[in-house]
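Below is one structure, written out as structure tokens; comments come after it.
Below, read A as the first sequence line, B as the second, and so on, with proteins coming before strands; counting in each chain starts at 1.
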2 protein chains.
Amino acid sequence: MKSNEIKEAALKYFTIHGYEGASLSLIAEEVGMKKQSIYAHFKGKDDLFLQVLRDAKETELSSKLQYFSKIDSQNPKLDLYGFLQLVIDLFQKNEQLKFWLRMSFFPPAHLAKAIEKEVIDIEDKVQLILESKFQDWIDAKVILGDVSKTPTFAFLGVVDSILLELVYGNDEQRLKDKLEASWTVFWRGISHQ
Amino acid sequence: MKSNEIKEAALKYFTIHGYEGASLSLIAEEVGMKKQSIYAHFKGKDDLFLQVLRDAKETELSSKLQYFSKIDSQNPKLDLYGFLQLVIDLFQKNEQLKFWLRMSFFPPAHLAKAIEKEVIDIEDKVQLILESKFQDWIDAKVILGDVSKTPTFAFLGVVDSILLELVYGNDEQRLKDKLEASWTVFWRGISHQ
DNA sequence: ATATAACTGACGAACGTTCGTTAAATTCGA
DNA sequence: TCGAATTTAACGAACGTTCGTCAGTTATAT
């Protein structure tokens, strides 16, 4: 399917150069066709972009949902650290998460509204799942706290800081160090004793 | 000074639309002149961009250095939380920090090398200062730990997560919640008891 | 003090290039 | 042979940049 090849190349260019900096000519060249041929598969640049965006969203959301559905242990230490590892794997395996992050925080102005809607959709879902997990752990007295909001937000903060390090991403050792440090302090901050 | 007006408008457009998305015509229009007139003050788009970048760097660096120089208390709780507040203030007061962040993480490809150098310069300096502060606090047994690297990286992680929330920045309440949550868990994670 | 020279900032016009997009012609596989 | 995919050709618009020019100001020299 040529459409997928085009979307793959588009993903790459959108991620590196942003919406405005990505040119249809170069995307087409990467696939081995002329830029006008793209219009046989997509209505235009916006259409191509939004399809890439929705693919990336779907990948991220389904990966995370799948992870949460397969863990049902009462071991938050394993489950949460595993989630951090999942995020790192996702980021390093394909470009979609980097693309997603770039467009979440610096969207092309004329598509900001549409993008924001998709972003909020994912964030809400993940946050809701996390909150319920944390509530279970709090009730089981396996982690500290009275409300689930605090550990949820704190954990999301750890995820964000790791993501930022991944985006910056020129130093594998620094990533490991920051992950270890943030995780150690976070875990001590929410566990008993 | 017209040069400063141009840089101000350029900062705004670079921040919102990125390097490629910012056009000299619109920047000039904002100042009330034609794009050709910009060339009387700057050699070209790159020159304008790099001057804006260096201004932003200087603002950020001097603000942080000044903060660290004026605090010399033995109260890490106050000093660290104050630093988070400083970052939030910096971000909300002028656009330079948002511009700085965008270009740190998603630089225009042909200037990536030059930008990275400036970014690393600031990061190293801030990290060094923080490490020495944390070492002092550890030695004074006012916070927990054996090495200063762990709390430093963890704290930098909290800063990053707050920055990300600021960039996302459509929800003041969510920012407060995440700040409080991250800070609470972080502080519990590095303090005795 | 006056005339001249140099400098500054801004301008219209135009450069070549690239952009996204459309239309028509052509190739190619079922 | 029919239809879809790709091409060539061309479009107007915008891009960053260069040029020559022209006021207005400042500095110099007579």
Side-chain angles (χ1 to χ4, degrees), chain A residues 1-56 95 99 102-103 106-115, chain B residues 1-56 95 99 102-103 106-115:
Chain A
M1 200 68 92
K2 263 290 161 61
S3 300
N4 290 336
E5 285 185 53
I6 297 175
K7 284 198 280 186
E8 237 176 271
L11 172 68
K12 173 179 161 184
Y13 276 87
F14 283 139
T15 303
I16 301 178
H17 299 101
Y19 178 90
E20 294 91 349
S23 84
L24 294 183
S25 343
L26 291 180
I27 292 172
E29 193 177 90
E30 180 113 348
V31 194
M33 52 163 62
K34 304 290 174 187
K35 64 170 172 176
Q36 298 90 327
S37 307
I38 293 180
Y39 286 79
H41 304 269
F42 303 92
K43 285 198 246 179
K45 195 181 187 181
D46 282 6
D47 183 34
L48 172 57
F49 176 85
L50 289 174
Q51 290 205 32
V52 172
L53 183 83
R54 267 148 206 160
D55 285 356
E95 284 210 273
F99 167 83
R102 175 165 195 160
M103 296 314 157
F106 304 109
H110 73 291
L111 296 176
K113 275 269 153 49
I115 296 174
Chain B
M1 201 67 95
K2 264 291 160 61
S3 300
N4 290 336
E5 284 185 54
I6 297 174
K7 285 198 280 187
E8 238 175 89
L11 172 68
K12 175 179 161 185
Y13 277 87
F14 283 139
T15 303
I16 300 179
H17 299 100
Y19 178 89
E20 294 90 351
S23 85
L24 294 183
S25 342
L26 290 180
I27 292 172
E29 195 176 89
E30 179 114 345
V31 193
M33 53 165 60
K34 303 292 174 185
K35 62 172 172 175
Q36 306 92 308
S37 307
I38 293 180
Y39 287 79
H41 303 268
F42 304 92
K43 285 198 245 180
K45 196 181 187 182
D46 281 7
D47 182 36
L48 172 58
F49 176 85
L50 288 173
Q51 291 204 32
V52 171
L53 183 84
R54 267 147 206 162
D55 286 358
E95 283 209 275
F99 167 85
R102 174 163 197 162
M103 298 313 158
F106 304 109
H110 73 292
L111 297 176
K113 274 270 153 47
I115 295 174

What heavy-atom pair brings B:Lys12 and B:Glu95 nearest, and what distance separates the two atoms?
CA-OE1, 3.4 Å
Nearest-nucleotide pick for B:Met33, side chain only, options being C:dA13, D:dT8, C:dA10
C:dA10
Side-chain N or O of B:His41 closer than 4.0 Å to phosphate OP1/OP2 of C:dA10:
yes
Rounded to the nearest 0.5 Å, what's the gap from CZ on A:Phe42 to CG on A:Leu50? Could you check?
11.0 Å
Considering non-hydrogen atoms only, spot the tightest contact between A:Met33 and A:Ser37 and give its length.
SD-CB, 3.6 Å
With a 6.0 Å cut-off on ring centres, are A:Tyr13 and A:Phe49 close enough?
no
In whole angstroms, the gap separating P of D:dA14 from CD of B:Glu29 amounts to 12 Å
Categorize A:Ala28 for me: base, sugar-phosphate, or nothing, with a 4.0 angstrom heavy-atom threshold over every strand shown.
nothing
Interatomic distance, B:Tyr39 OH vs C:dA14 C1' [rounded to whole Å]:
14 Å
Taking 4.0 Å as the cut-off, does a side-chain nitrogen or oxygen of A:Lys2 come that near to OP1 or OP2 on D:dT6?
yes
May I ask you to verify if any side-chain N or O of B:Ser37 is less than 4.0 angstrom from the OP1 or OP2 atom of C:dG9?
no
Below 4.5 Å, heavy atoms only, C-beta onward: do B:Ile115 and B:Pro108 meet side chain to side chain?
yes
Under-4.0 Å side-chain N/O to phosphate OP1/OP2 contact, A:Lys45 with C:dG20:
yes
Determine the contact category for B:Lys35: base if any of its heavy atoms lies under 4.0 Å from a base atom, sugar-phosphate if only primed atoms, P, OP1 or OP2 are that close, otherwise nothing.
base
Regarding the side chain of B:Lys34, the nearest nucleotide among D:dA9, C:dC11, C:dG9 is C:dC11
Whole-Å distance separating the CD1 atom of B:Ile38 from the C1' atom of D:dC15
13 Å
Given atom OH of B:Tyr13 and atom C1' of D:dC15, what is their separation to the nearest angstrom?
16 Å
Is the shortest side-chain N/O distance from B:Ser25 to OP1 or OP2 of D:dA14 below 4.0 Å?
no
Distance, rounded to the nearest Å, where A:Phe49 contributes CZ and C:dG20 contributes P
13 Å
Tell me the interatomic distance from B:His110, atom NE2, to D:dG16, atom P, rounded to whole angstroms.
11 Å
Indicate, with a heavy-atom threshold strictly under 4.0 Å, whether A:Ser23 touches base, sugar-phosphate, or nothing.
sugar-phosphate
d(CZ, B:Phe42; P, C:dT8) in whole Å
15 Å
Between D:dG16 atom P and B:Asp46 atom CG, what is the distance in whole Å?
11 Å
